[in-house]
Amino acid sequence: MSYKFYVCEFTNKKYLNPDPNKVFVKFGITHHRDVMDRFNPEIEDGYSKNYNDWDIKCKFSFVCETKEQAEAIEQKWLTEVFPNPGPTKVWVEQYLGLEDNNFYYNNTGITELRLLTIKQSKWVYYTLHNMKKETI
């Protein structure tokens, strides 16, 4: 089974982003051929899925030879480039001004979101697309 490393942008449809110059970005891995199947509630894969409040767009994906390779790429972005704790790691509910700090508890992956400036997100996509070109 092959795995994909992916990057998606999440936009909340229910609550206004306080800073329109920033976007939520998720770095992750999946075994699905179509990354968006990872978030589809009709596809049973062991993940709790409740993304009705979110508009999700896949911005990048890369097929990896092994799950370990996909995980290594994901961890690089989540721990080295945009670490937790760090300035890009926010509590989503607090950032959006919700009273319930666990409102998105059942949305797997929400806790891994990074809040990036538009400039940072463009740099991420540029860097990843160049990495992909070098491996082809």
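The structure displayed is predicted, hence computed values, not measured ones.
Of all the heavy atoms in Gly28 and Glu74, the pair that sits closest is CA-OE2, 3.4 Å. The shortest heavy-atom contact between Cys8 and Cys58 is SG-CA, 3.7 Å. Between Lys132 and Ser61, the shortest heavy-atom distance links the atoms NZ-O, 2.8 Å. The minimum heavy-atom distance linking Leu16 with Leu96 is given by the pair O-CD2, 3.9 Å. Between Gln120 and Leu115, the shortest heavy-atom contact is OE1-O, 4.4 Å. Here the shortest heavy-atom pairing between Cys64 and Ser2 reads O-CB, 4.2 Å.
Residue Trp123 is tested with Val81, Leu128, Leu116 for a side-chain contact (heavy atoms from CB on, under 4.5 Å); the sole match is Val81.
With values rounded to the nearest 0.5 angstrom, Lys122 atom NZ is found 9.5 Å from Lys59 atom NZ. Remark: Asp37 CG to Asp45 CG distance equals 8.5 Å, nearest 0.5 Å. Considering OG1 of Thr66 and CD of Glu68, their distance stands at 4.5 Å, rounded to 0.5 Å. In this structure, Tyr126 OH and Met131 CE are separated by 14.0 Å, a value rounded to the nearest 0.5 Å.
Linking ILVMFWY residues whenever their side-chain heavy atoms come closer than 4.5 Å, directly or via other members, leaves Ile56 and Val7 in distinct clusters. In the hydrophobic clustering of this structure, Leu113 groups with Leu98; members are Ile, Leu, Val, Met, Phe, Trp, Tyr whose side-chain heavy atoms approach within less than 4.5 Å, directly or through other members. In the hydrophobic cluster analysis, where Ile, Leu, Val, Met, Phe, Trp and Tyr join through side-chain heavy atoms closer than 4.5 angstrom, Met36 is grouped together with Phe24. At a threshold of 4.5 Å between side-chain heavy atoms, the hydrophobic network of Ile, Leu, Val, Met, Phe, Trp and Tyr places Val35 and Trp54 in one connected group.
Inter-residue side-chain proximity for Trp77 and Arg114 is flagged as unmet; no heavy-atom pair is nearer than 4.5 Å. Side-chain atoms of Asn107 and Asn50, non-hydrogen and from C-beta on, do get closer than 4.5 Å to each other. Here the side chains of Phe10 and Ile110 are in contact, with some heavy-atom distance below 4.5 Å. Using a 4.5 Å heavy-atom cutoff, the side chains of Thr11 and Lys13 are not in contact. For the pair Val23/Ile118, a side-chain contact is recorded, criterion being any heavy-atom separation below 4.5 Å from C-beta on. Within the 4.5 Å cutoff, the side chain of Val25 has no heavy atoms near those of the Phe82 side chain. Side-chain contact check for Tyr51 versus Arg38: some heavy-atom pair is nearer than 4.5 Å.
Summarising the local packing, OH of Tyr125 is surrounded by more than 12 heavy atoms from other residues, nucleotides or ligands at distances under 6.0 Å. With a 6.0 Å radius and a threshold of 12 heavy atoms from other residues, nucleotides or ligands, Lys119 has its NZ atom at or below the threshold.
Aromatic ring pairs are classed by plane angle as parallel below 30°, tilted from 30° to 60° and perpendicular above 60°; the pair Phe103 and Tyr15 is perpendicular.
With sequence neighbours left out, the side chain to side chain contact (heavy atoms under 4.5 Å, CB included) criterion links Glu71 to Ile29, Lys67. Taking the ring-ring contact (aromatic ring centres under 6.0 Å, His included) definition, one finds that Phe60 meets it with His129, sequence neighbours left out.
A salt bridge is defined here as a Lys NZ or Arg NE, NH1 or NH2 lying under 4.0 Å from an Asp or Glu carboxylate O, and Glu112 with Lys26 meets this definition.
Pairs passing the side-chain hydrogen bond (donor to acceptor under 3.5 Å, both in side chains) check and including a residue from residues 90-103, sequence neighbours excluded, read Asn17-Tyr95, Trp91-Glu93.
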